[in-house]
Amino acid sequence: MADLLYGDDPEPSDPSPAGPLYVPVRPGPSGCAARLFRTPLGERTAVGFTSTRRLTATLGPGQPWIRLAEPALRALTAPLGVAAVTVDPQFTAPAPTPVTTPAAAAVPALRIA
């Protein structure tokens with residue numbers, strides 16, 4: 001069987017695209033936006049899951065999502081410079097917690113001599 005070529009696709013030897021995915025989104029003033037993540041090496045990546053069970057297991061039950069085909073997800077994130085799509089990631093880092101400091105100790109006042 002001949003290798004399939006998908007133009008600039010970073011995985012041209014894959015026999016077919018991942019298909020319809022459950023894509024995590026965040027609500028915004030103009031509607032929903034796909035959430036972007038970082039790989040362990042720090043590169044930005046779009047993420048999609050093959051089932052709601054996998055999405056919920058990784059990101060929690062409160063994570064909103066939309067259904068997108070893998071080529072549509074790539075087309076959506078390409079103008080942002082994101083070429084990678086990660087399907088069914090298993091590990092995520094916990095969300096950062098804000099550091100609370102007393103207002104007086106945050107920044108000392110400058111005095112003019």
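Note that the structure is predicted; figures quoted are calculated from it, not measured. In this chain, numbering begins with 1 at the start of the sequence shown. Computed over heavy atoms, backbone and side chain alike; hydrogens, waters and symmetry mates excluded.
- Counting all heavy atoms, side chain and backbone alike, Thr77 lies closest to Ala46 at CG2-CB, 3.9 Å.
- Scanning all heavy atoms of the two residues, the minimum distance from Pro64 to Pro27 falls at CG-CD, 4.5 Å.
- Shown are Val87, Thr56, Leu59; of these, the side chain to side chain contact (heavy atoms under 4.5 Å, CB included) with Phe49 is made only by Leu59.
- Summarising the geometry, atom OG1 belonging to Thr45 is positioned 13.0 Å from atom CZ belonging to Arg35; distances are rounded to the nearest 0.5 Å.
- Of the inter-residue distances, the one linking Leu76 atom CG with Ile66 atom CD1 reads 7.0 Å to the nearest 0.5 angstrom.
- In this structure, Thr50 and Leu21 have side chains that are in contact, with non-hydrogen atoms separated by less than 4.5 Å.
- At a threshold of 4.5 Å between side-chain heavy atoms, the hydrophobic network of Ile, Leu, Val, Met, Phe, Trp and Tyr places Val25 and Leu68 in one connected group.
- In this structure, Leu36 is not a member of the same hydrophobic cluster as Leu73, with clusters built from ILVMFWY side-chain heavy atoms closer than 4.5 Å.
- Residue Arg26 qualifies as open at atom CZ: its count of foreign heavy atoms under 6.0 Å is 12 or below.
- Stacking of Arg67 on the aromatic ring of Tyr22 is recorded, both the 6.0 Å distance cut-off and the 45° axial limit being met.
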